[in-house]
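Notes follow once the structure below has been shown.
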Amino acid sequence: MQKIMLVEDDDSLREIYSIRLTAEGYQIVMAHDGEEALAVAVKERPDLIITDAMMPKISGFDMLDILRSTPEMKDIKVIIMTALSSDEQRERGENLGANRYLVKSQVGIEDVVNVVHDVLGDRPIDSEITTGPAPIQSFQSELVQPLMDQSPSTQPMPAQQIPNQPAPTQSITSQPVSAQPIPDQQIPSQPAPNPAPQSSSTIDPSQFGV
């Protein structure tokens, strides 16, 4: 377990970072100012020191200068986290050997945690999986598939359970009936007219003086 020392004269900030970094699996030791931090560093030999710059007694810059000048503590990694945002102050910290220079107003606690992992080189192997966004296709399938599994429309009904549907009745008024010609064989035969009766007697033209 790697050890981190928090050097901060603000008790609330020191406590917040202590709780969060403890949750990441680090052992935490604390100091209120630069002078106390040097004494704790000699005793505890932390892997990383996170320190404020403006503190009573010994500032963070002076503490860092002493650490880099002491052979047994010169390899301790240091992150300066301060309200000083000028380029001159940042350059001063980097020239003294700070591994990172963070401005408090520009970072949140999770940013600090990420920087700690980067400086110590112990970022979890699965961090990209757990912190990155889930693929859209996988996310949609996780939401849609359970709903599809519960929907009755996705399950085919066994053949024996499909109710018999009555055949639809055809409406006789839905379509107009068109006149169809009657086939020849269906035209009823008409009886032939009776011929005019013929007189059985023969008229003699001589009777009329012809």
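Here, residue 1 is the first one in the sequence, and each next residue gets the next number.
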Original post:
Hey, any chance M5 and V78 share a hydrophobic cluster, counting ILVMFWY side chains that come within less than 4.5 Å of each other, even indirectly?
Top reply: yes
Subject >> R90 and its side-chain contact (heavy atoms from CB on, under 4.5 Å) partner, picked from R92, E88, E94 >> reply: E94
Subject >> Nearest atoms (heavy-atom pairs only) where Q2 meets D47 >> reply: CA-OD2, 3.4 Å
Subject >> Main-chain N/O of G108 paired to D111 side chain as donor or acceptor, under 3.5 Å >> reply: yes
**OP:** Look at the side chain of T22 and the backbone N and O of S18, then say whether any donor-acceptor pair between them is shorter than 3.5 Å.
**Re:** yes
**OP:** Decide whether I50 and I66 are clustered together by the hydrophobic rule: side chain heavy atoms of Ile, Leu, Val, Met, Phe, Trp, Tyr closer than 4.5 Å, transitively.
**Re:** no
Original post:
Any link between L120 and I79 through a network of hydrophobic side chains (Ile, Leu, Val, Met, Phe, Trp, Tyr) touching at under 4.5 Å?
Top reply: yes
**OP:** Find out if a path of hydrophobic residues (ILVMFWY) with successive side-chain heavy-atom gaps under 4.5 Å connects L67 to M30.
**Re:** no
**OP:** Mind checking the CD1-CD1 spacing from I49 to I4? Nearest 0.5 Å is all I need.
**Re:** 11.0 Å
Original post:
Hey, what do you get for CD (E91) to CG (L96), rounding to the nearest 0.5 Å?
Top reply: 10.5 Å
**OP:** Can you sort out the partners of R20 under salt bridge (charged side-chain N to carboxylate O under 4.0 Å, His left out), two or more places apart, ordered by chain and number?
**Re:** E24, E110
Subject >> ring pair (Phe, Tyr, Trp, His ring centres under 6.0 Å) against Y26, all qualifying residues, sequence neighbours excluded >> reply: H117
**OP:** To the nearest 0.5 angstrom, please state how far the CD1 atom of I109 sits from the CD1 atom of I16.
**Re:** 6.5 Å
Subject >> Closest heavy-atom pair and its distance - I76, N99 >> reply: O-OD1, 4.4 Å
Subject >> From I28 atom CD1 to K3 atom NZ, the distance as rounded to the nearest 0.5 Å >> reply: 10.5 Å
Subject >> side chain to side chain contact (heavy atoms under 4.5 Å, CB included) between L6 and L21, worked out >> reply: CA-CA 10 Å; L6 297 174; L21 291 171; 4.0 Å; yes
**OP:** Would you confirm whether D33, through its side chain, and E36, through its main-chain N or O, come within 3.5 Å as a donor-acceptor pair?
**Re:** yes
Subject >> Stepwise side chain to side chain contact (heavy atoms under 4.5 Å, CB included) check, R45 with E72 >> reply: CA-CA 9 Å; R45 298 297 174 90; E72 59 268 25; 3.6 Å; yes
Original post:
Do you know the tightest heavy-atom contact between G93 and I80?
Top reply: CA-CD1, 4.1 Å
**OP:** Could you grab the distance from atom OG1 of T51 to atom CG of L64, nearest 0.5 Å is fine?
**Re:** 8.5 Å
Subject >> Heavy-atom side-chain proximity of M63 to L38 below 4.5 angstrom >> reply: yes
**OP:** Look only at the side chain of T70 and the backbone of M73, and say whether a donor-acceptor pair between them is shorter than 3.5 Å.
**Re:** no
**OP:** Starting at CE of M54, measure out to CG of D9 and round the result to the nearest 0.5 Å.
**Re:** 10.0 Å
**OP:** Identify whether F61 and L48 are in the same connected component of the hydrophobic contact network (ILVMFWY, side-chain heavy atoms under 4.5 Å).
**Re:** no
Subject >> Closest heavy-atom pair and its distance - L84, A53 >> reply: CD1-CB, 4.2 Å
**OP:** Using the side chain to side chain contact (heavy atoms under 4.5 Å, CB included) rule, take K104 and M81 through it: C-alpha gap first, then chi angles, then the decisive distance, then the call.
**Re:** CA-CA 6 Å; K104 290 180 180 180; M81 188 169 60; 3.9 Å; yes
Subject >> Nearest non-hydrogen partners of R68 and K74, listed with the distance >> reply: NH1-O, 2.8 Å
Original post:
Looking at E8, R14, K57, which hits side chain to side chain donor-acceptor pair (under 3.5 Å) with H32?
Top reply: R14
Subject >> Nearest atoms (heavy-atom pairs only) where R100 meets V119 >> reply: CG-CG2, 3.6 Å
